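This report refers to the structure that appears directly beneath it.
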Protein chains: 2
Amino acid sequence: MFPYKTSFTIDRKSKQALYLQLANQFIQLIKERKLVPKTKLPGSRALSELLNVHRKTVVACYEELILQGWVESVPKKGTFVNANLPELQQQNFDLNKAALSLENTGFEFYKNEDLKRTFFKPKEGFLYLNDGISDARLTPTEDLARTYRRICSRKNIYKEMSYGSLFGNEKLRITLADYLNKTRGLNIKKENILITRGSQMGIYLASKLLLQNDDCIIVGQTNYTSADTTFLQRNSNLLRVSVDVDGLVTDEIEQICKQKKIKTVYVTSHHHHPTTVTLSAERRLHLLNLAKKYNFGIIEDDYDYDFNYNHSPILPLASHDTHGNVIYIGSVCKTVAPVFRIGYLIAPKTFVNEAANQRRFIDRQGDALLELTFENFIKSGDLDRHINKVMKVYKARRDLFCRLLKENFSDFFSFEIPKGGMAVWLKLNDNYSWKTIAKTARKYKLEIGEWQRYDNANLSHNCIRIGFATYNEIDIYELIRRLQLTFDDIEN
Amino acid sequence: MFPYKTSFTIDRKSKQALYLQLANQFIQLIKERKLVPKTKLPGSRALSELLNVHRKTVVACYEELILQGWVESVPKKGTFVNANLPELQQQNFDLNKAALSLENTGFEFYKNEDLKRTFFKPKEGFLYLNDGISDARLTPTEDLARTYRRICSRKNIYKEMSYGSLFGNEKLRITLADYLNKTRGLNIKKENILITRGSQMGIYLASKLLLQNDDCIIVGQTNYTSADTTFLQRNSNLLRVSVDVDGLVTDEIEQICKQKKIKTVYVTSHHHHPTTVTLSAERRLHLLNLAKKYNFGIIEDDYDYDFNYNHSPILPLASHDTHGNVIYIGSVCKTVAPVFRIGYLIAPKTFVNEAANQRRFIDRQGDALLELTFENFIKSGDLDRHINKVMKVYKARRDLFCRLLKENFSDFFSFEIPKGGMAVWLKLNDNYSWKTIAKTARKYKLEIGEWQRYDNANLSHNCIRIGFATYNEIDIYELIRRLQLTFDDIEN
């Protein structure tokens, strides 16, 4: 007979019920073919004595195994391992080999090397340059968490907790329509809003609706790289036009339109990403006229509308659009914090409806509790107060950062002081290389992480985008000090 | 001269600064060509007197307009409307027509009619049948909100608030690996986990990695319709096999594999969606053997692992997989509440890495604060306590619901009492039609919303899936009463 007594381990301290412990060990023995099909199992009384457990435990174990189909009960004959069970060829008793299955698949799948990006893991004591990220330390986390909890205490909140609207919470859409109409000069209704997870989902959905194989999209020669990659994943035909001090060169867009059908133009009109320049009034009107004439959509990514230091925010293209050409995308991720994935896609209703249908298959719906939290944050005026507060901080940081750069590195860099946003576009003199600088900087615990990202069109422009908003005054002085050490090292 | 005095409205009570009010009205006049290019604007002193505002206000207004590019300053000559501004052909002064742009786009985009689904809007006093959704009233909302707020008060929480891991919060991944190893018999590490937004994102990402044009996927003849739609969106070749009382008929899968290359099989092994049957032990082993032999991936969607009333949960296919064939997908959306979009995709590391790269372009990252909240909820044992609590409730509801159905409708329906899950698969006798029943039911304020969804392979099986978990005892009696009225009406 099979050595039942020595084959089972019973742990009376485990949280798992005894009958389940037994059942799972039976399954393992059957899978390993130590108990082969048709094997007769001991009677419940006999097994209970062998294993020193209550007979009811064995009965429950056998019932479990029958229900799961591992064993079968034959009336008047007893309990047998299921005769039809195939041998599991999966089972790999070499544990080292089994561990390999945690590494590699037993099947093929599609990989896209273009999606890879190196994220630097923060090392102890290092300062990291980024390409323009808000300072998480300024987030009104406690206020938002308090609101979140208060919303969760509402009597009828359970109504928001099941499957809900594909478009996002209705209250937020109403409040946001009102807020955007007031602050951006839009003239929209809640039906024109799809609440997304940050701007990225807006770009993703817009590209799904606009681009299929070989459809043409126009972007800047320098452009936000995540947008480029999103469009290229649609197998689209990505055409590039120049970017100068007034933003995208719209004359070049017109030339292309005369030659071929354009589906869409992607533009970061407020501060071009990465160069930070603003699209001029003249070009704004020209671009809108072209969109109307050639029937293309404009994806206007207004990622940093709120941050202007020299003048008021410039109204987006969407505010001048009366022919339904603009898809306007924004979020609170730059304004409040990236962890709060609340964004929006604004467009004519037919477009928003289709985007919502698509969104159902990505993640079904948003987070109604967080959406209500931000509804409250916007409506109460807290968002505007927060923007005013951090804008002063970021302006001071921009001024300090740019002054120190100018004072210390004018032999190496040139740059324009950005009128808004969170980053500077820094041109390195041609006789230096960011690659060498980045390598040397590591000696001084400075990681210039983003230097290689902004030349996707191979222009050799020798520029990088460096954010200043994340760093407080102490950080900025320290950052400049390490940059000085780096250049001293390179010069000597 | 242009009638400046009557063309501007100044609202001293508005929150908007006066200079901005002026500037925006200037922009509107320029856009409307009431002020044409090259028009000389009045001097600041003259305009300030005309409009009865401080001269500094006008100076600030002009500076704003210059910065934005609407006007230009010519030294010693004055301020002029920018000579190069094109006429905005967008502008539509017929307000009724302008409103149309909120409805329809001025460009073409791709629509997919297959994505549409009618969501019934709850009407006052109506009872709605769903296809198996948890009862939001049982959600431990206050506990979770309290934890959320406590996490937000942690001293270093700001470190979690910026751009973070594509894979999800590391603490949650560690805790979840441990939890799934203990409860599902898996043997994974945190590197095998991608935190997703609910199961749907897991299905979406897996389908992106596995399916391109014409790749073959096998599903059941009845199947979870959202999964079907997700796969079809990849333009895949969707092949169907029969589903009987033991789940997917794996012999049919084998026959297909002998004829053509299969990329993947989608299976809801625990309780087949929609029929609720469990995949038998025999078929589990067979399917795993086929996956190994023919090198395909198994997408195992374990959407209701936690709810078993007759026996313990059955270990998933993933627990027997030692050759890296299974992609295991689950979430807390059924267990806790759909509003909490926390799910997971478990697979060999190479697959998880690629899925994370793809996820970056969908919504960048998850919600670290919510992820930490659930990390706490799982680790503290609160999740298990919650499951035990609601399972008793749902079991009682299943028993009552099935008993009342059997007692009152055995002439009309047949069904098996489900061993687990939140729904019953109800077969209507052939001489009745769900369409008629649904129509009649509305007279009695009963909405049978989901009756038309589960015959995507046109089998004319005359079955629907009705959830019982959402309804408390009072609801269930009322629901049965309205169903009785409906059948009385049909019979008379």
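None of the values given here were measured: they were computed from a predicted structure. Proteins come first, then strands; the chains are lettered A, B, ... in the order of their sequence lines, and each starts at number 1.
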What part of [X] gets closer than 4.5 Å to chain B, counting heavy atoms only: side chain, backbone, both or neither?
{"X": "A:Y19", "result": "side chain"}
{"X": "A:K159", "result": "neither"}
{"X": "A:I203", "result": "neither"}
{"X": "A:I327", "result": "side chain"}
{"X": "A:R146", "result": "both"}
{"X": "A:F296", "result": "backbone"}
{"X": "A:Q212", "result": "both"}
{"X": "A:R341", "result": "side chain"}
{"X": "A:I362", "result": "both"}
{"X": "A:L138", "result": "neither"}
{"X": "A:Q68", "result": "both"}
{"X": "A:D215", "result": "side chain"}
{"X": "A:Q365", "result": "both"}
{"X": "A:N192", "result": "side chain"}

Let me confirm one number: the [atom1]-[atom2] distance from [X] to [Y], rounded to the nearest 0.5 Å.
{"X": "A:E160", "Y": "A:L369", "atom1": "CD", "atom2": "CG", "value": "8.0 Å"}
{"X": "A:R283", "Y": "A:D246", "atom1": "CZ", "atom2": "CG", "value": "4.5 Å"}
{"X": "B:L102", "Y": "A:K189", "atom1": "CG", "atom2": "NZ", "value": "6.0 Å"}
{"X": "A:L144", "Y": "A:T147", "atom1": "CG", "atom2": "OG1", "value": "6.0 Å"}
{"X": "A:N82", "Y": "A:L65", "atom1": "CG", "atom2": "CG", "value": "11.0 Å"}
{"X": "B:T105", "Y": "A:F351", "atom1": "OG1", "atom2": "CZ", "value": "8.0 Å"}

Is a side-chain N or O of [X] found less than 3.5 angstrom from the main chain of [Y], in a donor-acceptor match?
{"X": "A:T141", "Y": "B:C152", "value": "no"}
{"X": "B:T264", "Y": "B:G297", "value": "yes"}
{"X": "A:D321", "Y": "A:V326", "value": "yes"}
{"X": "A:T196", "Y": "A:G198", "value": "yes"}
{"X": "A:R284", "Y": "A:L279", "value": "yes"}
{"X": "B:E354", "Y": "A:N112", "value": "yes"}
{"X": "A:K263", "Y": "A:L210", "value": "yes"}
{"X": "A:N353", "Y": "A:T350", "value": "no"}

Among [options], which residue has the highest count of heavy-atom pairs closer than 4.5 Å to chain B?
{"options": "A:Y110, A:F109, A:F340", "answer": "A:Y110"}
{"options": "A:G69, A:A206, A:A136, A:P86", "answer": "A:P86"}
{"options": "A:Q358, A:K116, A:E108, A:H286", "answer": "A:Q358"}
{"options": "A:S226, A:G343, A:S280", "answer": "A:S226"}
{"options": "A:E64, A:E142, A:M201, A:R364", "answer": "A:E64"}
{"options": "A:A17, A:S162, A:G202, A:A23", "answer": "A:S162"}

Could you look at [X] and say if it's the side chain, the backbone, both or neither that has a heavy atom under 4.5 Å from chain A?
{"X": "B:L166", "answer": "side chain"}
{"X": "B:S319", "answer": "backbone"}
{"X": "B:I151", "answer": "neither"}
{"X": "B:L85", "answer": "both"}
{"X": "B:L211", "answer": "backbone"}
{"X": "B:I133", "answer": "side chain"}
{"X": "B:N24", "answer": "side chain"}
{"X": "B:S153", "answer": "both"}

4.5 Å side-chain heavy-atom contact, B:R359 and B:L205: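 With C-beta onward as the side chain, the pair touches.
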Taking every non-hydrogen pair under 4.5 Å, which of [options] racks up the most with chain A?
{"options": "B:N295, B:D367, B:L115", "value": "B:L115"}
{"options": "B:N357, B:L209, B:V336", "value": "B:L209"}
{"options": "B:E191, B:R117, B:E63", "value": "B:R117"}
{"options": "B:R360, B:M161, B:K111", "value": "B:M161"}
{"options": "B:W70, B:Y163, B:F361, B:Y158", "value": "B:F361"}
{"options": "B:L67, B:I27, B:D384, B:T183", "value": "B:L67"}

Please state whether the rings of A:Y148 and B:Y148 are parallel, tilted or perpendicular, taking 30° and 60° as the class boundaries.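 Geometry flag for B:Y148 against A:Y148: parallel rings.
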Evaluate the criterion side-chain hydrogen bond (donor to acceptor under 3.5 Å, both in side chains) for residue pair A:T470 and A:N130; output intermediate values, then yes/no. CA-CA 8 Å; A:T470 323; A:N130 61 51; 2.9 Å; yes
Between B:T230 and B:Q200, do the side chains contain a donor N or O and an acceptor N or O under 3.5 Å apart?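 A pair is found: one side chain offers a donor N or O, the other an acceptor, under 3.5 Å apart.
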Can we say A:R197 and A:D363 salt-bridge, meaning some charged N sits less than 4.0 Å from an Asp/Glu carboxylate O?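 Yes.
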